[in-house]
Amino acid sequence: MKRRIVQYISALLTNANLNGFIQGRIYQGVSKHVCVPGLNCYSCPAAIGACPLGALQTILASSRYTFSYYVTGTLLLFGVFMGRYVCGWLCPFGLIQELLYKLPSPTWTIPRWAGYIKYAILIVFVLFLPMFLVNNLGMGDPSFCKYICPAGTLEGGIPLLVSHPDLRDAAGTLFLFKLLLLILMIILSIISFRPFCKIICPLGAIYGLFNPISIYRYRVDSEKCIECGKCAQNCKMGVAMYKESNSPECIRCGECRSGCPAEAITTTFKTGNDSIKSTI
Amino acid sequence: MNKKHLRIILLTMGVVLLILGVIRDEAVSVYTKAVKICLECIGIG
Ligand code: SF4
Ligand code: SF4
Ligand code: SF4
């Protein structure tokens, strides 16, 4: 419950320009220089910050730069402080998927191997294509935004097409393709927990790499843990906390922690090495 | 290298990269992209 409130507040703060939906115009304030922690399209009329994935591709695809110090620095700071806590608590697109999962439906379990797909998407669509597939002016495309991102279609595409007849006229096959991807993602989100986060999201893939070293992290006291496996049963991300307390798939939602009968799972902000016996 | 040192190195790198990025106007490039409708994001470009 506490997490849900934080998720709503974060989604609202990230998208505070609600008037933008009525005006059909996107926000142009100075805060758009800064990347928000979660995936949130900067073409959403309500967005008051920049999407870190969109920003990264913009810099990589431009003819002026070959590497983004700015976005890499931002991701390093978010990652080292919080890891995938961003996913569990702050990201608006994670919240949208969780709300869809609340709708009554049959369920489908995503196979574990599918989690590796997001690393391939990160390398190919976020890094490689924007950097190397360039026109004769040396400019590339933000390929993840262009060909995949359902957040862009949902948060930016649909509201802007509704309010702009000229954009509706310009929408063609690519828009239809992205709309189909969005519909597929919505259906999958109803039958399984956070499919986009598990399979596709390059931002979650980046933050997950920081889970083992982030300042806010989980640990399991091996002296208290009775290895009952309750944490693994409670985890909708498919993580067995008692075996792998800093799995890159863990979104730090805390479900395992509240269900642990031995109270063996704790969180820490310590910057030093862990002093209790733990599975880290 | 232990995790404490790794965290300090990565945090320092994060701050330095962020500042370098601002100095070479990357934040302005991000802003310029973020305040216009991104045709790629919305599925048109
Ligand atoms: S399309 Fe997706 S990745 Fe691109 S800026 Fe929008 S939310 Fe970010
Ligand atoms: S995996 Fe991506 S979409 Fe999911 S919560 Fe994390 S940043 Fe957001
Ligand atoms: S391991 Fe625990 S904190 Fe991590 S995703 Fe699973 S239930 Fe949430």
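None of the values given here were measured: they were computed from a predicted structure. Chain letters run A, B, ... following the sequence lines, proteins first, then strands; residues in each count from 1.
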Query raised in the report: Who among Val28(B), Leu17(B), Val15(B) has the most heavy-atom pairs with chain A under 4.5 Å?
Result: Leu17(B)

Requested in this report: Under 4.5 Å heavy-atom distance to chain B, tell me which part of Arg25(A) shows up: side chain, backbone, both or neither.
Outcome: neither

Query raised in the report: Where do Ile26(A) and Ile37(B) come nearest, in terms of heavy atoms and distance?
Result: CD1-N, 3.5 Å

Query raised in the report: Rounded to the nearest 0.5 Å, how far does NZ of Lys4(B) lie from CD1 of Ile215(A)?
Result: 11.5 Å

Query raised in the report: Is it the side chain or the backbone of Leu167(A) that comes within 4.5 Å of chain B heavy atoms, both, or neither?
Result: both

**Report entry** Shortest non-hydrogen contact from Ala50(A) toward Val30(B)
**Finding:** CB-CG1, 3.6 Å

Query - Contact origin within Thr74(A) toward chain B - heavy atom pairs under 4.5 Å - result: both

Query - Atom group of Thr173(A) that falls short of 4.5 Å from chain B, counting heavy atoms - result: neither

Query raised in the report: Which bit of Val16(B) is near chain A, if near means a heavy-atom gap under 4.5 Å: side chain, backbone, both or neither?
Result: neither

Report summary line: Ranked by heavy-atom pairs below 4.5 Å to chain B, first place among Ala151(A), Ser143(A), Pro142(A), Ser214(A) goes to Pro142(A)

Query raised in the report: Between CD1 of Ile19(B) and OH of Tyr69(A), what distance do you get to the nearest 0.5 Å?
Result: 14.0 Å

Requested in this report: Take Val22(B) and His33(A), measure what side-chain contact (heavy atoms from CB on, under 4.5 Å) needs, and give me the verdict at the end.
Outcome: CA-CA 10 Å; Val22(B) 172; His33(A) 284 88; over 6 Å; no

Query raised in the report: Using non-hydrogen atoms only, which part of Leu39(B) is less than 4.5 Å away from chain A: side chain, backbone, both, or neither?
Result: side chain

Requested in this report: Could you tell me which non-hydrogen atom of Ile59(A) sits nearest to which non-hydrogen atom of Ser29(B), and how far apart they are?
Outcome: CD1-CB, 3.8 Å

Query - Part of Lys178(A) lying under 4.5 Å from any heavy atom of chain B - result: side chain

Requested in this report: Check each atom of Leu174(A) against the heavy atoms of chain B and say whether the ones under 4.5 Å are side chain, backbone, both or neither.
Outcome: both

Query - Val34(A), part contacting chain B, at a heavy-atom distance under 4.5 Å - result: neither

Report task. Kindly indicate, with the supporting measurements, whether the criterion side-chain contact (heavy atoms from CB on, under 4.5 Å) is fulfilled by Thr72(A) and Leu18(B). Result -> CA-CA 7 Å; Thr72(A) 307; Leu18(B) 193 80; over 6 Å; no

Query - Closest non-hydrogen atom pair, Tyr65(A) against Arg24(B) - result: OH-O, 2.7 Å

Report summary line: Output for pair (His164(A) NE2, Ile42(B) CD1), nearest 0.5 Å, gives 8.0 Å

Report task. May I have the step-by-step check of side-chain contact (heavy atoms from CB on, under 4.5 Å) for Leu76(A) and Leu11(B), ending in yes or no? Result -> CA-CA 7 Å; Leu76(A) 267 174; Leu11(B) 278 180; over 6 Å; no

Query - Contact winner vs chain B - Thr153(A), Leu160(A), Leu176(A), heavy-atom pairs under 4.5 Å - result: Leu160(A)

Report summary line: With chain B, the option among Phe81(A), Tyr27(A), Phe67(A) that has the most non-hydrogen atom pairs under 4.5 Å is Phe67(A)

Query raised in the report: Does the side chain of Asp141(A) reach to within under 4.5 Å of the side chain of Glu40(B), using non-hydrogen atoms?
Result: yes

Query raised in the report: Is there a donor-acceptor pair closer than 3.5 Å between any side-chain N or O of Tyr31(B) and the backbone N or O of Gln28(A)?
Result: yes

**Report entry** chain A contact via Leu6(B) - side chain, backbone, both or neither, heavy atoms under 4.5 Å
**Finding:** side chain

Requested in this report: Considering only heavy atoms and a distance below 4.5 Å, find which of Gly172(A), Ser43(A), Gly156(A), Gly152(A) pairs most often with chain B.
Outcome: Ser43(A)

Query raised in the report: Going from NZ on Lys33(B) to SG on Cys145(A), what distance comes out if it is rounded to the nearest 0.5 angstrom?
Result: 7.0 Å

Report summary line: Rounded to the nearest 0.5 angstrom, the SG-CD distance for Cys41(B) and Glu155(A) is 10.0 Å

Report summary line: Whatever's closer than 4.5 Å to a heavy atom in chain B on Ile213(A) counts as both

